[in-house]
Number of protein chains: 2
Amino acid sequence: MKSHIETNEPAGKRYEQIANQLRGAIVSGNWMVGHALPSEQQLAQDHQVAVGTIRQAVALLVEQGLVERVHGRGTFVRGVISGAGMLRFFRFGSQPDVLPRSFILSVKIQPASEKAAAALQIAPGSQTLYVMRLRQIQERPCLLEDIVLPLPRFQALGHAAPSQWGDFLYPAYERLCAVHVQHVTDTITFNRLTGAQAKRLELAKDHPCAKVERIAYDRLHSPVEWRVTRGDAHAFRYTNSIL
Amino acid sequence: MKSHIETNEPAGKRYEQIANQLRGAIVSGNWMVGHALPSEQQLAQDHQVAVGTIRQAVALLVEQGLVERVHGRGTFVRGVISGAGMLRFFRFGSQPDVLPRSFILSVKIQPASEKAAAALQIAPGSQTLYVMRLRQIQERPCLLEDIVLPLPRFQALGHAAPSQWGDFLYPAYERLCAVHVQHVTDTITFNRLTGAQAKRLELAKDHPCAKVERIAYDRLHSPVEWRVTRGDAHAFRYTNSIL
DNA sequence: AAGTGGTCTAGACCACTCT
DNA sequence: GAGTGGTCTAGACCACTTG
């Protein structure tokens, strides 16, 4: 035994330890979104290390998207991820300045299905908020979404009127439920519309559709939302760069 | 005028300048794939800067995927990108140890179409090597590819017998034509098969298909290959993480 | 044991933003 | 001008790989 004091920092690289501590302060909500971290000088003093070491620690957090450096101003806790909108998967003939509108078709409390439970890492049958949403551009319906949110975490959302949710959900999660979506995984497959789905999208039954299944995670990498989005396969277009 | 000596290093950050010089040595083929860069100490001396500055320069190249650090051994020029295989887009009932086979259906020299020319940034009508390839897993055809390669860069490939190309093309490009694919952009859309395509894939005409259009780039960010891959839409599955 | 990259220090000076 | 992050220096010592 090297020391009689139990330290729960299992040691390793100094900058990793510091990054972990900083991450803790962020994910615990101790430092809110937009909050400025202490200056590098300050952190170096606090942790009794050189500034360079602090810079390495912060670099890790930047890589993980938790934090953002701004030259001359400071380092800030990042908000909800950007560029996660479903519309990036589809090209509907919309000018960029035409914003899509959301229509909540239904909100129910119901037990999680097998698939939803697996995605959200909760017990099958747990209570969830189940939302159906239609998105349209210039009066034309284009995307149909089934959204499953675990309770009680999203209770506040259920209590608020859907009209108050707004056209984008992630900011609403943040505002009403203090849930910060930090990371998503999208799985794209191809399918055909059921009769009910086709009706909502004003397409024919069995029309080909692109299906995007998304799991959204918060800063602790806990899954917080499971979403299935369907749209016309012929409007689907997705570009990705690798390496 | 600050100096009467014309310098073609337009100046800026020292580590960027150095990174540019190193990049030049790599993309010019001066340092081949697998070649070890000089040690950080050596580079620091050569460029008359501190080691830390060299580390920043090399970090840039690592980010760009040009170079790879190995602790205790050195820094090495990276080869062809990995994980770019088309099969990652599809789930055919194949064990991971069953390797797909390639069949070259045809090789022709023909002028570039409008689309191919745009993708490859060459003049429409330029000479290209046009390859049709079928990939199959366990005797079952699954992917049909149209591949366009600019001439004269790929002349050596045209001269070699297709049987010598192997089951994977990028290593062949490297081996035969000294073309190093460094980066690709894939665009996914959904479509229907033409009669001819359907026949090759042993599916019905108008069967839904996933179409992946790829432009591959070398280390200079010049497009070197345009490829259109088609497969059964129902076998398509693609997962992507964002942020 | 010699050589490599990885971590860390303790500064200096520069570029940018805000007041 | 005061405070922030960005660049750069000139070292020390550690961890890993190879002969």
Side-chain angles (χ1 to χ4, degrees), chain A residues 2-3 7 9-23 25-26 30-79, chain B residues 2-3 7 9-23 25-26 30-79:
Chain A
K2 296 202 163 111
S3 151
T7 163
E9 277 289 355
K13 283 157 256 180
R14 195 75 184 87
Y15 69 88
E16 279 185 353
Q17 295 171 29
I18 295 172
N20 288 336
Q21 286 179 243
L22 296 175
R23 188 182 302 109
I26 294 169
N30 208 328
W31 289 337
M32 307 295 277
V33 170
H35 186 282
L37 269 62
S39 75
E40 298 179 338
Q41 290 292 340
Q42 188 60 53
L43 287 170
Q45 243 185 311
D46 294 354
H47 293 83
Q48 288 292 295
V49 296
V51 182
T53 304
I54 295 297
R55 290 185 66 78
Q56 273 188 286
V58 173
L60 276 187
L61 302 182
V62 170
E63 243 181 327
Q64 295 162 17
L66 273 171
V67 121
E68 188 178 11
R69 283 193 217 254
V70 185
H71 191 171
R73 298 216 303 131
T75 304
F76 304 88
V77 177
R78 277 189 36 143
Chain B
K2 294 198 163 117
S3 152
T7 164
E9 276 288 354
K13 284 156 254 177
R14 196 73 184 88
Y15 70 88
E16 278 186 352
Q17 295 171 28
I18 296 173
N20 288 337
Q21 285 181 243
L22 295 175
R23 188 183 302 107
I26 294 170
N30 209 329
W31 289 337
M32 307 293 277
V33 171
H35 186 281
L37 269 62
S39 74
E40 297 179 336
Q41 290 293 340
Q42 187 61 51
L43 287 169
Q45 243 184 312
D46 294 353
H47 293 84
Q48 289 291 296
V49 296
V51 181
T53 304
I54 295 296
R55 291 185 65 77
Q56 273 187 287
V58 173
L60 276 187
L61 301 183
V62 169
E63 244 182 329
Q64 295 163 18
L66 274 173
V67 121
E68 188 179 11
R69 281 195 219 256
V70 185
H71 191 171
R73 298 216 303 130
T75 303
F76 303 88
V77 177
R78 277 189 35 145

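In what follows, chains carry the letters A, B, and so on, assigned in the order in which the sequence lines appear, proteins first and then strands, with residues in each chain numbered from 1.
Note on A/Tyr15: a side-chain N or O is less than 4.0 Å away from OP1 or OP2 of C/dT7.
Using a 4.0 Å heavy-atom criterion, one finds that A/Val58 contacts no nucleic acid atom at all. Using a 4.0 Å heavy-atom cutoff across all strands shown, B/Arg55 reaches at least one base atom of the nucleic acid. Note on B/Val51: nothing from the nucleic acid sits closer than 4.0 angstrom, heavy atoms only.
Two residues, A/Val70 and A/Arg14, neighbour DNA chain C, and the one matched to the more 5' nucleotide by heavy-atom proximity is A/Arg14. Sequence order on DNA chain C of the closest nucleotides to A/Arg73 and A/Gly52 puts A/Gly52 first from the 5' end.
For the atom pair CG of B/Asn20 and NZ of B/Lys13, the computed distance is 11.0 Å after rounding to the nearest 0.5 Å.
Note: CD (A/Glu40) to P (C/dG11) measures 16 Å, nearest angstrom. One interatomic measurement links the two molecules: CD1 of A/Ile54 to C1' of D/dG6, which rounds to 16 Å at whole-angstrom precision. Atom pair A/Leu43:CG and D/dG3:P shows a separation of 16 Å (rounding to whole Å applied). One interatomic measurement links the two molecules: NE2 of A/His71 to P of C/dC16, which rounds to 7 Å at whole-angstrom precision.
Side chain of B/Arg78 to main chain of B/Gly65: a donor-acceptor pair is present (N/O by atom type, distance under 3.5 Å, no hydrogens or angles).
For the pair B/Ala57 and B/Tyr15, the tightest heavy-atom approach, listed with the atom from each and the gap, is CB-O, 3.3 Å.
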